[in-house]
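First the proteins, then the strands, lettered A, B, ... as listed; each starts at 1.
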Amino acid sequence: KAGVTQTPRYLIKTRGQQVTLSCSPISGHRSVSWYQQTPGQGLQFLFEYFSETQRNKGNFPGRFSGRQFSNSRSEMNVSTLELGDSALYLCASSLGAGNNEQFFGPGTRLTVL
Amino acid sequence: AQSVTQLGSHVSVSEGALVLLRCNYSSSVPPYLFWYVQYPNQGLQLLLKYTTGATLVKGINGFEAEFKKSETSFHLTKPSAHMSDAAEYFCAVSDTLSSGSARQLTFGSGTQLTVLP
(Lines give C-alpha, C1' and ligand atoms only; values in the text may rest on other atoms or scores of the structure.)
Protein backbone atom coordinates (compact mmCIF):
# COMPACT_ATOMS: atom_id res chain seq x y z
CA LYS A 1 0.00 0.00 0.00
CA ALA A 2 1.43 3.35 -1.01
CA GLY A 3 2.22 5.82 1.76
CA VAL A 4 1.27 9.44 2.11
CA THR A 5 2.57 11.51 -0.76
CA GLN A 6 3.16 15.25 -0.79
CA THR A 7 3.88 17.50 -3.71
CA PRO A 8 5.98 19.39 -4.37
CA ARG A 9 8.82 18.33 -2.10
CA TYR A 10 10.59 21.67 -2.32
CA LEU A 11 9.29 25.11 -3.09
CA ILE A 12 10.81 28.58 -3.17
CA LYS A 13 8.57 31.63 -3.11
CA THR A 14 8.95 35.33 -2.42
CA ARG A 15 7.17 37.42 0.17
CA GLY A 16 3.64 38.35 -0.76
CA GLN A 17 3.08 35.40 -3.06
CA GLN A 18 0.71 32.56 -2.34
CA VAL A 19 1.38 28.84 -2.41
CA THR A 20 -0.63 25.62 -2.62
CA LEU A 21 0.63 22.35 -1.25
CA SER A 22 -0.89 18.97 -2.02
CA CYS A 23 -1.27 15.79 0.00
CA SER A 24 -2.54 12.38 -1.09
CA PRO A 25 -3.42 10.15 1.87
CA ILE A 26 -3.06 6.42 2.16
CA SER A 27 -5.82 4.65 0.28
CA GLY A 28 -8.86 4.27 2.52
CA HIS A 29 -7.82 7.01 4.93
CA ARG A 30 -10.42 9.74 5.29
CA SER A 31 -8.68 12.08 7.70
CA VAL A 32 -5.88 14.41 6.68
CA SER A 33 -4.03 16.65 9.12
CA TRP A 34 -1.46 19.31 8.39
CA TYR A 35 1.45 20.35 10.60
CA GLN A 36 4.07 23.05 10.33
CA GLN A 37 7.59 22.28 11.50
CA THR A 38 10.11 25.04 12.18
CA PRO A 39 13.32 25.09 14.23
CA GLY A 40 11.92 27.75 16.53
CA GLN A 41 8.35 26.58 17.10
CA GLY A 42 8.71 22.86 16.50
CA LEU A 43 5.76 20.86 15.21
CA GLN A 44 2.48 22.73 15.29
CA PHE A 45 -0.96 21.56 14.25
CA LEU A 46 -2.58 23.55 11.43
CA PHE A 47 -5.89 21.81 10.72
CA GLU A 48 -7.59 18.49 10.12
CA TYR A 49 -10.05 17.49 7.45
CA PHE A 50 -12.40 14.52 7.48
CA SER A 51 -14.86 13.75 4.71
CA GLU A 52 -14.28 17.17 3.11
CA THR A 53 -15.04 19.03 6.35
CA GLN A 54 -12.60 20.86 8.56
CA ARG A 55 -13.00 19.27 11.99
CA ASN A 56 -10.29 21.04 13.92
CA LYS A 57 -8.06 24.03 13.49
CA GLY A 58 -4.88 25.14 15.19
CA ASN A 59 -3.85 28.63 16.15
CA PHE A 60 -2.72 30.01 12.80
CA PRO A 61 -3.81 33.16 10.99
CA GLY A 62 -6.47 33.10 8.30
CA ARG A 63 -3.77 33.23 5.62
CA PHE A 64 -3.49 29.50 6.16
CA SER A 65 -6.37 27.56 4.68
CA GLY A 66 -7.09 24.13 3.39
CA ARG A 67 -9.59 21.89 1.76
CA GLN A 68 -10.25 18.26 1.14
CA PHE A 69 -11.68 16.65 -1.95
CA SER A 70 -14.09 13.76 -2.29
CA ASN A 71 -11.19 11.36 -2.90
CA SER A 72 -9.67 12.50 0.45
CA ARG A 73 -6.79 14.33 -1.19
CA SER A 74 -6.10 17.59 0.54
CA GLU A 75 -4.54 20.91 -0.29
CA MET A 76 -3.36 23.69 1.92
CA ASN A 77 -2.93 27.24 0.80
CA VAL A 78 -0.90 30.04 2.29
CA SER A 79 -1.60 33.52 0.99
CA THR A 80 0.51 36.64 1.31
CA LEU A 81 3.61 34.70 2.28
CA GLU A 82 5.86 36.01 5.03
CA LEU A 83 9.46 35.10 5.75
CA GLY A 84 8.31 33.31 8.88
CA ASP A 85 6.25 30.89 6.82
CA SER A 86 9.44 29.14 5.76
CA ALA A 87 9.03 25.66 7.18
CA LEU A 88 8.56 21.99 6.52
CA TYR A 89 4.87 21.32 6.04
CA LEU A 90 3.85 17.80 6.95
CA CYS A 91 0.69 16.04 6.03
CA ALA A 92 -0.59 13.04 7.96
CA SER A 93 -3.43 10.70 7.19
CA SER A 94 -5.45 8.34 9.33
CA LEU A 95 -8.59 6.29 9.07
CA GLY A 96 -10.22 9.04 11.04
CA ALA A 97 -12.85 6.95 12.74
CA GLY A 98 -11.76 5.74 16.13
CA ASN A 99 -8.12 5.48 15.19
CA ASN A 100 -5.54 7.98 16.33
CA GLU A 101 -2.59 6.55 14.44
CA GLN A 102 -1.41 9.11 11.93
CA PHE A 103 0.91 8.29 9.06
CA PHE A 104 3.10 11.12 7.86
CA GLY A 105 4.26 12.08 4.41
CA PRO A 106 7.80 13.28 3.64
CA GLY A 107 6.79 16.92 3.79
CA THR A 108 7.09 19.96 1.57
CA ARG A 109 10.00 22.25 2.33
CA LEU A 110 8.84 25.83 1.72
CA THR A 111 11.38 28.62 1.57
CA VAL A 112 10.15 32.21 1.47
CA LEU A 113 12.65 34.79 0.25
CA ALA B 1 -4.96 21.70 27.28
CA GLN B 2 -2.33 19.13 26.61
CA SER B 3 1.41 19.56 26.63
CA VAL B 4 4.51 17.45 26.22
CA THR B 5 7.94 18.05 27.68
CA GLN B 6 10.98 16.27 26.37
CA LEU B 7 13.95 16.59 28.70
CA GLY B 8 17.18 17.02 26.82
CA SER B 9 17.19 18.46 23.33
CA HIS B 10 20.37 16.51 22.56
CA VAL B 11 21.37 13.09 23.84
CA SER B 12 24.58 11.25 22.95
CA VAL B 13 25.21 7.60 23.60
CA SER B 14 27.87 5.14 22.55
CA GLU B 15 27.02 2.37 20.14
CA GLY B 16 25.76 -0.58 22.18
CA ALA B 17 24.78 1.55 25.17
CA LEU B 18 21.31 2.04 26.59
CA VAL B 19 19.15 4.70 24.98
CA LEU B 20 16.81 6.62 27.30
CA LEU B 21 14.77 9.54 25.96
CA ARG B 22 12.51 11.26 28.44
CA CYS B 23 8.97 12.44 27.91
CA ASN B 24 6.49 13.89 30.37
CA TYR B 25 2.99 14.89 29.43
CA SER B 26 0.13 16.90 30.77
CA SER B 27 -3.42 15.99 29.88
CA SER B 28 -6.79 16.52 31.51
CA VAL B 29 -8.12 13.27 30.10
CA PRO B 30 -6.57 9.83 29.67
CA PRO B 31 -4.07 10.35 26.89
CA TYR B 32 -2.98 8.51 23.84
CA LEU B 33 0.81 8.72 23.67
CA PHE B 34 3.17 8.28 20.76
CA TRP B 35 6.82 8.28 19.87
CA TYR B 36 7.86 9.27 16.38
CA VAL B 37 11.29 9.31 14.75
CA GLN B 38 12.41 11.70 12.04
CA TYR B 39 15.44 11.16 9.84
CA PRO B 40 16.94 14.11 7.96
CA ASN B 41 14.75 15.42 5.15
CA GLN B 42 12.03 12.91 5.90
CA GLY B 43 8.64 12.87 7.54
CA LEU B 44 7.77 11.29 10.86
CA GLN B 45 7.69 7.54 11.37
CA LEU B 46 5.69 6.03 14.20
CA LEU B 47 7.85 4.01 16.59
CA LEU B 48 5.18 2.99 19.09
CA LYS B 49 1.95 4.11 20.70
CA TYR B 50 0.06 3.72 23.96
CA THR B 51 -3.70 3.78 23.91
CA THR B 52 -5.08 1.55 26.64
CA GLY B 53 -4.13 -1.71 28.28
CA ALA B 54 -0.57 -2.86 28.85
CA THR B 55 1.58 -0.01 30.06
CA LEU B 56 4.80 -1.39 28.55
CA VAL B 57 4.62 -0.86 24.84
CA LYS B 58 6.98 -2.43 22.34
CA GLY B 59 7.66 -0.75 19.05
CA ILE B 60 9.76 -1.13 15.96
CA ASN B 61 13.54 -1.33 15.80
CA GLY B 62 13.83 -2.63 19.38
CA PHE B 63 12.36 0.43 21.07
CA GLU B 64 9.91 0.29 23.93
CA ALA B 65 8.23 2.76 26.27
CA GLU B 66 6.43 2.51 29.57
CA PHE B 67 3.37 4.55 30.44
CA LYS B 68 3.52 5.66 34.07
CA LYS B 69 0.37 7.49 35.00
CA SER B 70 1.58 8.43 38.49
CA GLU B 71 4.65 10.10 37.01
CA THR B 72 2.87 11.35 33.85
CA SER B 73 5.78 9.92 31.91
CA PHE B 74 6.29 7.93 28.74
CA HIS B 75 10.03 7.46 28.42
CA LEU B 76 11.50 5.73 25.38
CA THR B 77 14.23 3.13 25.78
CA LYS B 78 16.34 0.79 23.71
CA PRO B 79 18.78 -1.64 25.35
CA SER B 80 21.54 -1.29 22.79
CA ALA B 81 22.01 1.71 20.49
CA HIS B 82 22.89 1.27 16.85
CA MET B 83 24.42 3.83 14.54
CA SER B 84 21.23 3.78 12.48
CA ASP B 85 19.27 5.05 15.51
CA ALA B 86 20.78 8.52 15.11
CA ALA B 87 17.79 10.75 14.37
CA GLU B 88 15.37 13.16 16.03
CA TYR B 89 12.72 11.69 18.28
CA PHE B 90 9.39 13.26 19.11
CA CYS B 91 6.97 12.39 21.86
CA ALA B 92 3.34 13.30 21.21
CA VAL B 93 0.03 13.24 23.04
CA SER B 94 -3.47 13.09 21.64
CA ASP B 95 -6.95 13.44 23.03
CA THR B 96 -8.86 10.41 24.14
CA LEU B 97 -11.47 9.53 21.56
CA SER B 98 -14.85 11.13 21.84
CA SER B 99 -17.65 10.83 19.35
CA GLY B 100 -17.21 13.12 16.39
CA SER B 101 -14.20 14.92 17.74
CA ALA B 102 -11.15 15.58 15.69
CA ARG B 103 -7.80 14.39 16.93
CA GLN B 104 -4.67 16.42 16.89
CA LEU B 105 -1.23 15.55 18.03
CA THR B 106 0.61 17.84 20.41
CA PHE B 107 4.33 17.29 20.06
CA GLY B 108 7.26 17.79 22.33
CA SER B 109 10.19 19.85 21.13
CA GLY B 110 12.17 16.79 20.09
CA THR B 111 15.38 15.09 21.17
CA GLN B 112 18.27 14.72 18.77
CA LEU B 113 19.96 11.39 19.38
CA THR B 114 23.61 11.02 18.43
CA VAL B 115 25.21 7.58 18.47
CA LEU B 116 28.97 7.59 18.91
CA PRO B 117 31.12 4.78 17.47
Original post:
CD/Q44(A) to CD/Q104(B) distance, rounded to the nearest 0.5 angstrom?
Top reply: 11.0 Å
**OP:** May I ask you to check whether Y35(A) and F107(B) place their ring centres under 6.0 Å from each other?
**Re:** yes
Subject >> Interchain contact, Q38(B) with chain A, by part (heavy-atom threshold 4.5 Å) >> reply: side chain
**OP:** Might you confirm whether atom CZ of R15(A) has over 12 heavy atoms from other residues, nucleotides or ligands at distances under 6.0 Å?
**Re:** no
Original post:
Which heavy-atom pair separates L105(B) from F45(A) by the least distance, and what is that distance?
Top reply: O-CB, 4.4 Å
Original post:
Which atoms of L90(A) come close to chain B, meaning under 4.5 Å heavy atom to heavy atom: side chain ones, backbone ones, both, or neither?
Top reply: side chain
**OP:** Take E101(A) and K49(B), measure what side-chain contact (heavy atoms from CB on, under 4.5 Å) needs, and give me the verdict at the end.
**Re:** CA-CA 8 Å; E101(A) 185 166 344; K49(B) 64 178 180 180; 2.8 Å; yes
Original post:
Can you tell me if CZ on R73(A) sees more than 12 non-hydrogen neighbours from other groups inside 6.0 Å?
Top reply: yes
Original post:
Are L43(A) and F90(B) side-chain neighbours, meaning at least one heavy-atom pair lies under 4.5 Å?
Top reply: yes
**OP:** Measure Q37(A) against the heavy atoms of chain B and call it side chain, backbone, both or neither at under 4.5 Å.
**Re:** side chain
**OP:** Pick one of side chain, backbone, both or neither for L44(B), based on which atoms fall under 4.5 Å of a heavy atom in chain A.
**Re:** both
Original post:
Q42(B) and L88(A): which non-hydrogen atoms are nearest, and at how many Å?
Top reply: O-CD2, 4.4 Å
